[in-house]
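Down below is the structure, laid out as structure tokens.
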Amino acid sequence: NAGVTQTPKFQVLKTGQSMTLQCAQDMNHNSMYWYRQDPGMGLRLIYYSASEGTTDKGEVPNGYNVSRLNKREFSLRLESAAPSQTSVYFCASSGGTLHGYTFGSGTRLTVV
Amino acid sequence: QKEVEQNSGPLSVPEGAIASLNCTYSDRGSQSFFWYRQYSGKSPELIMFIYSNGDKEDGRFTAQLNKASQYVSLLIRDSQPSDSATYLCAVNKGAQKLVFGQGTRLTINP
């Protein structure tokens, strides 16, 4: 099915370890996003990419880096994981203002 | 003041009744507004969007927008147990960025 694919679905990291969350969309969308969701905090934007070759910081970018590898793929990297980065991470894509976002299934990350 | 505010609930509604979910936003220049439904452990899914003042209906769902009052709401008629979920209000901030409220947890009681 067309949509947004995220991997992995679950991950446990030790403090200081690094990892990359992968995201790919097959809807030919220009814009892609990474959000984190914490209880009582709603969805907060980490980074976004309005088009291939561009990336911008969102509300909570500290501790993260991103790469827009091509139009389909947008990855999120944690260089040195901290317990405060324990969260559920969602990738999303958008074909334009009128269409809202399509979300991936999420990655549940625990940092111990 | 948060950019997008929702009553976190929980909101409990009997089956068959109307559920009313509310959202206020701070940026008067916001142009488009979205309602997402999120079941526990799942990702958000878009159920409604609205751009113009007034009401927009889609099946049992009605979105209402009042830009002067900076207020957007979602009505669910004939509520069903399957409507039990968290409902997220989102506002477009330009550059296709959405700002989300913290969500309202809705429970429909059979």
Side-chain angles (χ1 to χ4, degrees), chain A residues 1-7 9-10 21 23 25 27 29-52 54-61 66 68 74 87-108, chain B residues 1-10 21-27 29-52 56 58 61 63 65 72 74 85-106:
Chain A
N1 290 338
V4 180
T5 303
Q6 278 184 247
T7 56
K9 293 191 183 302
F10 300 95
L21 281 64
C23 176
Q25 53 93 8
M27 296 173 287
H29 286 170
N30 284 321
S31 300
M32 297 186 73
Y33 310 83
W34 278 104
Y35 281 84
R36 60 178 288 173
Q37 187 173 37
D38 302 292
M41 302 291 289
L43 286 158
R44 293 183 292 169
L45 182 63
I46 304 171
Y47 271 93
Y48 69 101
S49 171
S51 62
E52 185 179 355
T54 68
T55 61
D56 285 288
K57 295 178 180 179
E59 180 185 357
V60 288
V66 291
R68 183 73 182 267
F74 188 38
S87 187
V88 180
Y89 292 84
F90 287 103
C91 177
S93 70
S94 174
T97 305
L98 300 181
H99 303 284
Y101 291 175
T102 300
F103 283 89
S105 58
T107 297
R108 188 171 296 273
Chain B
Q1 182 186 8
K2 292 182 180 178
E3 292 187 80
V4 180
E5 293 208 56
Q6 296 180 254
N7 187 329
S8 60
L21 303 161
N22 304 316
C23 174
T24 58
Y25 59 95
S26 61
D27 185 351
S30 300
Q31 294 294 317
S32 51
F33 308 85
F34 302 83
W35 283 100
Y36 285 81
R37 177 176 62 200
Q38 186 176 25
Y39 293 114
S40 180
K42 301 296 185 181
S43 58
E45 56 177 326
L46 180 65
I47 54 172
M48 290 285 289
F49 59 87
I50 188 167
Y51 312 119
S52 303
K56 179 182 178 182
D58 184 0
F61 298 95
L65 176 61
V72 58
L74 179 70
T86 296
Y87 289 80
L88 302 168
C89 173
V91 175
N92 189 285
K93 282 280 291 181
Q96 301 178 37
K97 288 190 296 180
L98 295 185
V99 177
F100 288 82
Q102 72 268 38
T104 298
R105 187 156 56 94
L106 174 66

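First the proteins, then the strands, lettered A, B, ... as listed; each starts at 1.
When each of B:Ile50, B:Val72, B:Leu88 is paired with B:Trp35, the side chain to side chain contact (heavy atoms under 4.5 Å, CB included) condition holds for B:Val72 and for no other. For the side chain to side chain contact (heavy atoms under 4.5 Å, CB included) test with A:Val66, the passing option among A:Trp34, A:Tyr33, A:Tyr48 is A:Trp34; the others fail.
Heavy-atom distances place the side chain of B:Leu46, and not its backbone, under 4.5 Å from chain A. Contact of A:Leu43 with chain B is made through backbone and side chain together, with heavy-atom distances under 4.5 Å. Contacts between B:Glu45 and chain A at a heavy-atom distance below 4.5 Å are absent for every atom of the residue. Residue A:Glu59 does not touch chain B at all, counting heavy-atom pairs closer than 4.5 Å. For a residue to count as touching a neighbouring chain, one of its non-hydrogen atoms must lie under 4.5 Å from one of that chain's; by this rule A:Tyr101 touches chain B with backbone and side chain alike.
Taking the centre and axis of the six-membered ring of A:Phe103, the NZ or CZ atom of B:Lys42 falls outside the cone set by 45° and 6.0 Å.
In this structure B:Ser30 satisfies the side-chain hydrogen bond (donor to acceptor under 3.5 Å, both in side chains) test with no other residue, sequence neighbours excluded. With sequence neighbours excluded, no residue forms a ring pair (Phe, Tyr, Trp, His ring centres under 6.0 Å) with A:Tyr47.
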